[in-house]
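First comes the structure, then the notes that go with it.
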Amino acid sequence: MSRFSSFRQFYPYYLQEHRNRTCRRLHFIGSWSVLGCLALAMWQQQWGWLLAALLCGYGFAWVGHFFFEKNRPATFSHPFYSFAGDWVMFADILRGRLPL
């Protein structure tokens, strides 16, 4: 049973789990890489880029958590909220609401 009943409740927790700047930077790089891989998949119509998108997104994020943040990624306990949190945090960084 999740202790969060909405994404609005989850997102502050998500940000608390991403206090380390290097971890946030790796998430940001991973998110850009995902977008690049998705664009390549559509442009080249080579669907192997979709696997590359998954590896880039999770790979960069998990390196950030295991080596810099030193915590367990929220993906393991809250996969859907965590996925949404990645993209909301990405947008917040682009808007200047979160420091990179």
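Heavy atoms only: backbone and side chains are in, while hydrogens, waters and symmetry mates are out. Keep in mind it's a predicted model, so treat the numbers as computed, not measured.
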Tell me the closest heavy-atom pair linking Gly85 and Phe7, and the distance in Å. N-CE1, 3.5 Å

Selection residues 81-92 - residue pairs positive for salt bridge (charged side-chain N to carboxylate O under 4.0 Å, His left out), sequence neighbours left out: Asp92-Arg95, Asp92-Arg97

Residues at least two apart in sequence or cross-chain that pass side chain to side chain contact (heavy atoms under 4.5 Å, CB included) with Tyr58, listed by chain then number, are Leu54, Trp62, Thr75, Phe83

Report the residues that fulfil side chain to side chain donor-acceptor pair (under 3.5 Å) with Trp49, sequence neighbours left out, ordered by chain and then residue number. Gln44

Heavy atoms from other residues, nucleotides or ligands near CH2 of Trp43 exceed 12 (cutoff 6.0 Å): no

Only distances under 3.5 Å count here; give the side-chain donor-acceptor pairs of residues 22-42 to other protein atoms, sequence neighbours excluded, each with its distance to 0.1 Å.
unit_1: Arg24; atom_1: NE; unit_2: Pro99; atom_2: O; d: 3.0
unit_1: Arg24; atom_1: NH1; unit_2: His18; atom_2: O; d: 2.9
unit_1: Arg24; atom_1: NH1; unit_2: Arg19; atom_2: O; d: 2.9
unit_1: Arg24; atom_1: NH2; unit_2: Pro99; atom_2: O; d: 3.1
unit_1: Arg25; atom_1: NE; unit_2: Leu100; atom_2: O; d: 2.5
unit_1: Arg25; atom_1: NH2; unit_2: Leu100; atom_2: O; d: 2.9
unit_1: His27; atom_1: ND1; unit_2: Cys23; atom_2: O; d: 3.0
unit_1: His27; atom_1: NE2; unit_2: His18; atom_2: NE2; d: 3.1
unit_1: His27; atom_1: NE2; unit_2: His65; atom_2: NE2; d: 3.4
unit_1: Ser31; atom_1: OG; unit_2: His27; atom_2: O; d: 3.1
unit_1: Ser33; atom_1: OG; unit_2: Ile29; atom_2: O; d: 2.9

Among all residues two or more places apart in sequence or in another chain, which pass the side chain to side chain donor-acceptor pair (under 3.5 Å) test with Glu69? none

Who clusters with Leu51? Use side-chain heavy atoms, under 4.5 angstrom, across I, L, V, M, F, W and Y, and order the result by chain and number. Leu55

Taking atom CZ of Phe67 as the centre, does the number of heavy atoms from other residues, nucleotides or ligands within less than 6.0 Å exceed 12? no

By side chain to side chain donor-acceptor pair (under 3.5 Å), Gln16 pairs with (sequence neighbours left out) none

Taking only residues two or more places apart in sequence or in another chain, which ones pass side chain to side chain donor-acceptor pair (under 3.5 Å) with Gln9? Ser5

Taking the side chain as everything from C-beta on, heavy atoms only, tell me whether Phe68 gets closer than 4.5 Å to Arg21. no

Those residues at least two apart in sequence (or on a different chain) that pass ring pair (Phe, Tyr, Trp, His ring centres under 6.0 Å) with Tyr13 are Phe4, Phe10

Note: Tyr81 and Ser6 closest approach over all heavy atoms is OH-CA, 3.2 Å

